[in-house]
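See structure below.
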Protein chains: 2
Amino acid sequence: MRTARRATLRGMGHGIEDVARAAGVSTATVSRALRGLPHVTDATRERVRLAALELGYVATPSARSLATGRTRTIGLLLPWVSHWFFANVVEGAERTLREHDHDALLYTFDVFERGPRRRVETHVLRGRVDGILVVGLPLEPEEIVDLDALVRPLVFVGSGPGDRCTIRVDEQEVSRIAVDHLIGLGHRRIGHVTGHPDDVSPWSAGVLRTRAWRDVMGATGLTADALAYGNFDVGGGRAAAHELLTRHPDVTSVFVTSDEMAMGVIAAARDRGLRVPEDLSVIGVDGHELGEVVALTTVAQDVHAQGVLAARLVLAQIAGEEVPQRVTPQVRLVLRGSTAPPRDR
Amino acid sequence: MRTARRATLRGMGHGIEDVARAAGVSTATVSRALRGLPHVTDATRERVRLAALELGYVATPSARSLATGRTRTIGLLLPWVSHWFFANVVEGAERTLREHDHDALLYTFDVFERGPRRRVETHVLRGRVDGILVVGLPLEPEEIVDLDALVRPLVFVGSGPGDRCTIRVDEQEVSRIAVDHLIGLGHRRIGHVTGHPDDVSPWSAGVLRTRAWRDVMGATGLTADALAYGNFDVGGGRAAAHELLTRHPDVTSVFVTSDEMAMGVIAAARDRGLRVPEDLSVIGVDGHELGEVVALTTVAQDVHAQGVLAARLVLAQIAGEEVPQRVTPQVRLVLRGSTAPPRDR
DNA sequence: CTGTTAGCGCCTTCAC
DNA sequence: GTGAAGGCGCTAACAG
């Protein structure tokens with residue numbers, strides 16, 4: 001008795017067979033018609049479309065994926081979403097992906113948390129995604145190997161090995177702009193607050209900015225000894241600044257590798273009764289909206305645009321197109337009230 | 001010639017058959033063994049486990065989904081991720097879901113954008129998710145109907161109809177705490193900045209807080225006429241404050257329905273040469289980390305915890321457990337420097 | 001242009 | 001406790 005159609009579809013609606021029956025065609029034709037493939041009469045296509053619409057038919061993604069090998073889903077790998085940079089990349093990427101009928105799957109791996117560095121479990125991505133966006137995650141070489149094993153296009157944002165499609169600002173330039181600005185104002189004792197002390201990845205943004213800070217300082221004949229770690233958040237920046245200012249009370253300005261930490265530094269200055277910028281100049285990196293509220297001078301970048309571009313580049317790779325190996329978004333110095341010439345003291 | 005095993009799996013690794021062969025058992029046994037189902041000897045299970053490990057076998061999600069009808073994926077529906085509240089809910093939810101081997105699929109629908117309210121296309125969720133988290137999205141009745149048609153557990157966070165599993169603070173209490181605080185300080189002219197003017201949903205957070213502001217003001221015999229809309233972001237809050245203070249120069253304090261907008265209000269005060277809190281008191285809602293930097297008094301809530309709980313509640317529903325229809329997280333007044341008694345003038 | 005027929009990789013009854 | 005076989009819903013050759 002194979003006549004009795006097992007109307008399964010687990011209570012999810014109608015299947016392709018229902019549409020086929022309603023339109024009086026075969027399932028193959030329905031599939032072709034609905035996906036806009038050639039070799040279908042306009043009339044048939046329209047008939048199928050109507051039938052599908054009426055029944056509220058949408059192809060079951062897992063069935064489609066199983067048959068095609070494509071998931072129309074992109075994995076977003078990142079440490080946090082509650083940080084400004086990441087939230088904005090994610091938002092830009094997700095919107096762009098959706099415009100192109102792709103889904104965004106979120107995977108957070110907080111590799112910066114205290115304790116031994118947890119390895120990113122790339123195997124959870126197997127068969128789930130057509131492409132991967134790695135955002136601000138300084139991966140170990142073995143992790144890259146694991147990702148490569150997935151045989152899916154990869155795009156890195158805000159961190160990444162040199163030999164892969166990577167979108168990131170010129171970290172050297174970022175530090176140079178910031179430090180040059182402070183030097184230009186007359187500062188000689190320039191402190192530095194950066195990310196995580198255990199982060200030593202050669203392509204971590206924090207590491208690169210710190211290295212460039214050292215370079216610029218050295219090239220100008222200044223000593224780069226006032227350094228503290230703020231773990232990329234407000235509270236961390238505040239604590240780091242306290243530590244820094246206690247150990248190096250002669251510091252007149254601080255270059256901070258993120259606006260969130262920079263605002264923490266400003267809070268610390270206030271804690272200590274120091275006025276910004278009269279007693280202490282502070283410059284950050286990012287272009288956080290709230291920087292305007294505290295008049296934070298910063299080296300700004302358009303993060304949303306980076307998310308959009310990243311999405312476009314994975315999609316392009318999936319489509320078999322060539323993509324640039326390296327995109328370097330512009331940065332610009334945004335002068336506000338947190339930097340000024342040092343007071344004589 | 002059906003002997004020639006078509007080793008497809010589209011270059012993705014090994015399939016269940018490979019594991020079966022390696023372990024010398026059938027695919028059925030592999031399936032049972034790997035998923036911890038009963039009726040498998042410890043010895044066989046171990047053998048299968050080893051074989052799978054060695055081959056790096058992971059069941060293809062789409063195949064599994066097609067066979068089981070479950071996707072182990074939860075859809076996150078929200079307007080933005082770049083706003084503090086949302087980024088934190090998402091982060092809490094994603095981590096919790098991952099701990100329970102579930103994926104988080106992101107769907108942003110900016111229903112607050114200018115122009116006609118875009119309808120949330122729930123059909124993109126069909127067959128993609130086992131459950132749905134609706135975060136801070138004031139949906140229309142028809143949209144709820146569409147969601148219900150998916151026959152999947154639903155949890156609302158930060159907004160939601162009264163008759164569904166909803167996690168949200170008591171909005172009345174939020175407004176009461178804030179306004180009472182200002183009244184207690186001696187303010188009589190209390191302005192208000194809230195979200196989007198077109199948002200009239202009876203269960204939008206902004207709408208409810210504004211209504212409660214009116215109620216509390218009225219109950220105290222104060223006029224609630226100084227109102228402006230800040231669209232839930234910093235720039236919007238700033239613009240709204242300018243409008244408000246121009247129209248109602250006698251206002252001595254402002255109750256703002258989010259910390260991000262409240263910080264915009266503080267920026268506007270500075271623009272106008274008004275000192276906070278001497279000339280203008282400002283109180284927000286949320287507990288944004290950066291509130292500390294600008295000494296923002298606020299009615300705080302634990303948003304990360306709400307994300308965690310939301311994830312737990314969908315998972316519980318999927319497991320067939322009963323869940324509370326309403327969870328009301330605690331809020332607390334965080335006194336900082338942005339509120340003070342009004343100056344006589 | 002359209003229908004038929006195999007799978008896609010895994011799960012799941014049902015025998016053994 | 002284990003294996004055989006059919007099915008999940010859709011796509012993709014291949015005929016016609």
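Chain A is the first sequence line, chain B the second, and so forth, proteins listed ahead of strands; every chain is numbered from 1.
- Per the geometry, CG belonging to Asp18(B) stands 12 Å off P belonging to dC8(C), to the nearest Å.
- The interatomic distance linking Arg21(A) (CZ) with dG3(C) (C1') rounds to 16 Å, in whole Å.
- Distance Arg72(B) CZ to dC11(C) C1': 14 Å, rounded to the nearest Å.
- With sequence neighbours left out, Leu37(B) forms a side chain to side chain contact (heavy atoms under 4.5 Å, CB included) with Arg32(B), Arg35(B).
- For Thr29(B) and dG3(D), the shortest distance from a side-chain N or O to OP1 or OP2 is below 4.0 Å.
- Residue Thr60(B) places at least one side-chain N or O under 4.0 Å from the OP1 or OP2 atom of dC10(C).
- Near-neighbour residues of DNA chain C inside residues 40-50 of chain A, defined by a heavy atom below 4.0 Å, number-ordered: Val40(A), Thr41(A), Thr44(A).
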Sequence neighbours excluded and cut-off under 3.5 Å, please list the side-chain donor-acceptor pairs for residues 159-166 of chain A, or say none.
residue   : atom : partner   : partner atom : Å
Ser159(A) : OG   : Leu137(A) : N            : 3.1
Ser159(A) : OG   : Leu137(A) : O            : 3.3
Arg164(A) : NH2  : Asp148(A) : OD1          : 2.6
Arg164(A) : NH2  : Asp148(A) : OD2          : 2.4
Thr166(A) : OG1  : Pro161(A) : O            : 3.2
Thr166(A) : OG1  : Arg164(A) : O            : 2.8

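- Comparing Val25(B) and Leu66(B) along DNA chain D, the residue whose closest nucleotide (by nearest heavy atom) sits nearer the 5' end is Val25(B).
- Salt bridge status for Glu99(A) with Arg95(A): absent, with no side-chain N to carboxylate O gap under 4.0 Å.
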Practice task
List the protein contact pattern of nucleotides 11-16 of chain D with one symbol per nucleotide (5' to 3'): B for base contact, S for sugar-phosphate-only contact, - for none; contact means a heavy-atom distance under 4.0 Å.
Solution key: BBB---
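- With sequence neighbours left out, the side chain to side chain contact (heavy atoms under 4.5 Å, CB included) criterion links Glu140(B) to Arg117(B), Glu142(B), Glu143(B).
- With sequence neighbours excluded, the residues forming a side chain to side chain donor-acceptor pair (under 3.5 Å) with Asp146(A) are Arg119(A), listed by chain and number.
- One end of the helix from dC1(C)-dG16(D) to dC16(C)-dG1(D) points its axis 30° away from the other end's axis, with each axis taken from 5 pairs and the angle rounded to 10°.
- Spacing between atom CZ of Arg70(A) and atom P of dC10(D) amounts to 18 Å, rounded to whole angstrom units.
- By the ring pair (Phe, Tyr, Trp, His ring centres under 6.0 Å) test, Phe86(A) is found to be paired with Trp80(A), residues two or more places apart in sequence or in another chain being considered.
- In this structure Arg128(B) satisfies the salt bridge (Lys or Arg N to Asp or Glu O under 4.0 Å) test together with Asp103(A), sequence neighbours excluded.
- Contacts of His304(B) classified as ring pair (Phe, Tyr, Trp, His ring centres under 6.0 Å), with partners at least two apart in sequence or in another chain: none.
- Judged as a side chain to side chain contact (heavy atoms under 4.5 Å, CB included), and not counting sequence neighbours, the contacts of Glu321(A) are Ala316(A), Ala319(A).
- Going from atom NE2 of His39(B) over to atom C1' of dC11(C) covers 15 Å, rounded to whole Å.
- For the pair Glu17(B) CD and dC11(C) C1', the interatomic distance rounds to 13 Å; values are reported in whole Å.
- One side chain, Thr41(A) or Thr44(A), offers a donor N or O that lies under 3.5 Å from an acceptor on the other.
- With sequence neighbours excluded, the residues satisfying ring pair (Phe, Tyr, Trp, His ring centres under 6.0 Å) with Phe156(A) are Trp203(A).
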